[in-house]
Amino acid sequence: MSEVTLYSFRRCPYAMRARMALRYSAVALRIVQVSLKAKPAEMLALSSKGTVPVLDTGAGVIDESLEIMHWALAQHDPDDWRLQGNLPAQQDSAALIEANDRVFKVHLNHYKYAERYPAHSMAFYRSQGEVFLTDLEQRLQGRDALVAGHLSLADFALAPFVRQFAHVDRDWFEQAPYPRVRGWLGSILAAPLFVAIMAR
Ligand SMILES: N[C@@H](CCC(=O)N[C@@H](CS)C(=O)NCC(=O)O)C(=O)O
């Protein structure tokens, strides 16, 4: 396969998860760092909705991060991120990612930008997000991954968002009652894969 191109923004959690899957799959990749304030015309010509990440595979354009992850894993999936042959785990994974993207992400935004949502306090928005953290904490009982016995798609799809949640108030997160989530997140963020996709 010839080189594929990813339009990306370094700190965007959706772009991070796409970059992790693409790097893991070892496809030859050209990354174009875009400014969200001045998106390149070539990217908007590929996808008019104007969000990152956007992947140009040469055979088509994918402008949803989760679909980019699936595309990457279809190329190469050496550690079975797709949990092939385990349909219940695949369904659990899909539901967990959907809960992240549709519910936790909303609470994360409210918590992170609480001053823009004066209806409630920052602590209130944080407690809404903690419902999800509590689920993750329970999932990590007796294993080091969210869905299966090893890290898989959901772990990498969620980690950038949990990272953002943790970074809103690091002192709070360090003492919050989610020690397994802390350990899980810490090991993903310290691993060579994440370090590589965040390199400048
Ligand atoms: N559902 C999309 C969401 C992507 C998204 O919202 N990306 C943000 C940056 S983190 C973006 O590009 N926003 C447009 C902007 O800020 O102009 C995906 O999963 O790829």
Side-chain angles (χ1 to χ4, degrees), residues 4-25 27 29-75 77 81-82 90-117 125-126 128-129 132 136 146-147 151-170 185 188-189 193-200:
V4 304
T5 301
L6 183 77
Y7 295 85
S8 179
F9 180 69
R10 186 172 172 277
R11 287 182 289 113
C12 168
Y14 299 100
M16 285 179 201
R17 71 189 189 182
R19 297 200 302 276
M20 279 193 278
L22 286 162
R23 187 174 178 90
Y24 161 74
S25 74
V27 301
L29 184 66
R30 180 174 77 103
I31 296 183
V32 179
Q33 292 288 353
V34 310
S35 159
L36 293 181
K37 296 197 182 83
K39 292 161 192 152
E42 65 188 270
M43 179 185 117
L44 295 172
L46 293 169
S47 170
S48 58
K49 77 183 166 107
T51 60
V52 290
V54 173
L55 184 74
D56 181 0
T57 71
V61 175
I62 311 176
D63 61 8
E64 280 294 325
S65 58
L66 190 57
E67 289 174 28
I68 294 172
M69 294 184 86
H70 281 295
W71 181 87
L73 302 185
Q75 313 309 308
D77 182 11
W81 284 19
R82 286 177 297 178
Q90 291 168 19
Q91 290 168 339
D92 183 34
S93 172
L96 182 61
I97 295 170
E98 186 163 330
N100 178 81
D101 291 14
R102 290 183 188 236
V103 182
F104 181 65
K105 169 66 174 148
V106 174
H107 297 149
L108 166 62
N109 271 21
H110 287 164
Y111 173 40
K112 192 171 176 205
Y113 303 110
E115 71 284 356
R116 297 183 201 165
Y117 305 98
Y125 293 127
R126 182 169 69 204
Q128 289 189 308
F132 192 65
L136 302 189
L146 294 175
V147 172
L151 294 175
S152 65
L153 176 66
D155 297 278
F156 297 97
L158 267 59
F161 298 89
V162 179
R163 173 181 178 271
Q164 273 199 345
F165 197 91
H167 284 189
V168 174
D169 182 344
R170 292 177 200 230
L185 182 65
I188 291 177
L189 301 187
L193 181 66
F194 187 80
V195 172
I197 65 107
M198 293 305 282
R200 289 173 194 277

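Numbers here are sequence positions counted from 1. Note that ligands are numbered from 1 as they come in the structure, with each ligand's atoms numbered from 1 the same way.
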Colleague: Does ligand 1 come near enough to Glu64 that some N or O of the ligand is less than 3.5 Å from an N or O of the residue?
Modeller: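 N/O-N/O distance under 3.5 Å: yes.
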Colleague: Given side chains that start at C-beta, do those of Met198 and Arg19 come closer than 4.5 Å, heavy atoms only?
Modeller: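 Contact flag for Met198/Arg19 side chains = yes.
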Colleague: Need the ligand 1 atom indices (1-based, order shown) with element for anything under 4.0 Å from a heavy-atom of Pro53.
Modeller: 20 (O)
Colleague: Return the residue, atom name and 0.1 Å-rounded distance of the protein heavy atom closest to atom 19 (O) of ligand 1.
Modeller: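 Among all protein heavy atoms, the one nearest atom 19 (O) of ligand 1 is Ser65 OG, 2.6 Å.
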Colleague: Among all protein heavy atoms in this structure, tell me which lies nearest to atom 10 (S) of ligand 1, with the distance rounded to 0.1 Å.
Modeller: Cys12 SG, 2.5 Å
Colleague: For Phe104 together with Phe165, are the ring centres under 6.0 Å from each other?
Modeller: yes
Colleague: Starting from atom 16 (O) of ligand 1, locate the nearest protein heavy atom and write down its residue, its atom name and how far away it is, to 0.1 Å.
Modeller: Leu36 CD1, 3.7 Å
Colleague: Under 3.5 Å between some N or O of ligand 1 and some N or O of Lys39?
Modeller: yes
Colleague: Could you tell me whether Arg17 and ligand 1 have an N or O pair separated by under 3.5 Å?
Modeller: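 In fact, backbone or side chain, Arg17 has no N or O that close.
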Colleague: Measure across Gly50 and Leu44 and return the closest heavy-atom pair with its distance rounded to 0.1 Å.
Modeller: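 Taking every non-hydrogen atom into account, CA-CD2, 3.7 Å.
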Colleague: Between Tyr111 and Tyr125, is the ring centre distance below 6.0 Å?
Modeller: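 Here the rings of Tyr125 and Tyr111 have centres that are no less than 6.0 Å from each other.
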Colleague: Taking only Lys NZ, Arg NE, NH1 and NH2, and the carboxylate oxygens of Asp or Glu, determine whether Lys49 and Glu64 approach each other closer than 4.0 Å.
Modeller: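 Yes.
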Colleague: For Phe9 and ligand 1, answer yes if some heavy atom of the residue is under 4.0 Å from a ligand atom, otherwise no.
Modeller: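 Flag not set, Phe9 not near ligand 1.
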Colleague: Just need the protein heavy atom nearest to atom 6 (O) of ligand 1, so name the residue and atom and give the distance.
Modeller: Tyr14 CE1, 3.7 Å
Colleague: Purely on distance, is any nitrogen or oxygen of Val52 under 3.5 Å from one on ligand 1?
Modeller: yes
Colleague: Among Leu66, Leu55, Asp101, Thr51, which residue places a heavy atom closest to atom 13 (N) of ligand 1?
Modeller: Thr51
Colleague: So does Arg17 pair up with Asp101, basic N to acidic O under 4.0 Å?
Modeller: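 Salt bridge flag = yes for Asp101 with Arg17.
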Colleague: Are Tyr7 and Pro53 close enough that some pair of their side-chain heavy atoms sits under 4.5 Å apart?
Modeller: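 No; the side chains remain at least 4.5 Å from each other.
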